[in-house]
Amino acid sequence: QVQLVESGGGLVQPGGSLRLSCVVSGGIFRIYAMGWYRQAPGEQRELVAGISSSSFSSTSTTDYADSVKGRFTISRDNAKNTVWLQMNDLKPEDTALYYCNAGYYENSIYFPYDYWGQGTQVTVSS
């Protein structure tokens, strides 16, 4: 059973930074693409960043939602079974519950498996 545990959320002022972490256990981490989703109250869950698996190549590819491009960076370390989301220049509209997910890419589109963490709250407010 694949388990994901997020951490690193909190309250931050606009313009500030946070780094979210997600540790994965119970599976072969390197074969999964990984994604960070977020869900604000009353909104649908949305994919904000994805990173490909790196089983067959030395580097992973990444992609981002337009709303976070240039501000968020997703990265992974297969030796640590960990994926991170570095969030800079945070805005009030980034406030949401952030979830880590294991999935796969097909035709450059990220598809989630039903492997989710419990979420970590990010609140951007002055």
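Predicted model only: the values in this text are computed from it and were never measured.
At least one donor-acceptor pair closer than 3.5 Å links the side chain of Thr95 to the backbone N or O of Val124. No donor-acceptor pair closer than 3.5 Å links the side chain of Arg30 to the backbone N or O of Asn78. Judged purely by atom type and a 3.5 angstrom limit, Thr120 has no side-chain atom pairing as donor or acceptor with the backbone of Glu6.
The two residues Cys100 and Val83 have their closest heavy-atom pair at SG-CG1, 3.8 Å. Residues Tyr110 and Gly103 share a closest heavy-atom pair of OH-N, 3.1 Å. Smallest separation of non-hydrogen atoms from Ile74 and Trp36: CD1-CD1, 3.6 Å. The two residues Ala33 and Tyr105 make their nearest non-hydrogen contact at CB-CD1, 3.7 Å.
Atom CG of Asp114 has 12 or fewer heavy atoms from other residues, nucleotides or ligands within 6.0 Å. For CD of Glu93, the number of neighbouring non-hydrogen atoms (other residues, nucleotides, ligands) closer than 6.0 Å is greater than 12.
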(message) With side chain to side chain contact (heavy atoms under 4.5 Å, CB included) as the criterion, how do Gln39 and Tyr99 come out once you've worked through the C-alpha distance, each side chain's angles and the decisive distance to 0.1 Å?
(response) CA-CA 8 Å; Gln39 187 168 21; Tyr99 296 91; 4.2 Å; yes
(message) Please determine whether side chain to side chain contact (heavy atoms under 4.5 Å, CB included) holds for the pair Thr73 and Tyr64, giving the CA-CA distance in whole Å, both sets of side-chain angles, and the decisive distance to 0.1 Å.
(response) CA-CA 8 Å; Thr73 302; Tyr64 300 92; 3.9 Å; yes
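For Arg38, the salt bridge (charged side-chain N to carboxylate O under 4.0 Å, His left out) partners are Glu46, Asp94, not counting sequence neighbours. For the side-chain contact (heavy atoms from CB on, under 4.5 Å) test, residues two or more places apart in sequence or in another chain that qualify with Asp66 are Lys69.
With ring centers used as reference points, Tyr37 lies under 6.0 Å from Trp116.
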Using distance only, find each side-chain donor-acceptor pair of residues 11-27 under 3.5 Å and give its atom names and separation, not counting sequence neighbours.
from, atom 1, to, atom 2, distance (Å)
Ser17, OG, Asn88, OD1, 2.9
Ser21, OG, Trp84, NE1, 3.3

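Under the 4.5 Å side-chain heavy-atom criterion for Ile, Leu, Val, Met, Phe, Trp and Tyr, Leu47 and Leu85 are members of distinct hydrophobic clusters. Under the 4.5 Å side-chain contact rule for hydrophobic residues, Val5 and Tyr115 do not share a cluster.
Taking the ring axis of Tyr32 as reference, the NZ or CZ atom of Arg76 does not stay both within 45° of it and closer than 6.0 Å to the ring centre.
The aromatic rings of Tyr113 and Tyr104 are tilted relative to each other, their planes meeting at an angle between 30° and 60°.
Between the CD1 atom of Ile51 and the CE atom of Met34 there is a distance of 9.5 Å, given to the nearest 0.5 Å. A distance of 9.0 Å separates CD in Gln118 from CG in Leu4, rounded to the nearest 0.5 Å.
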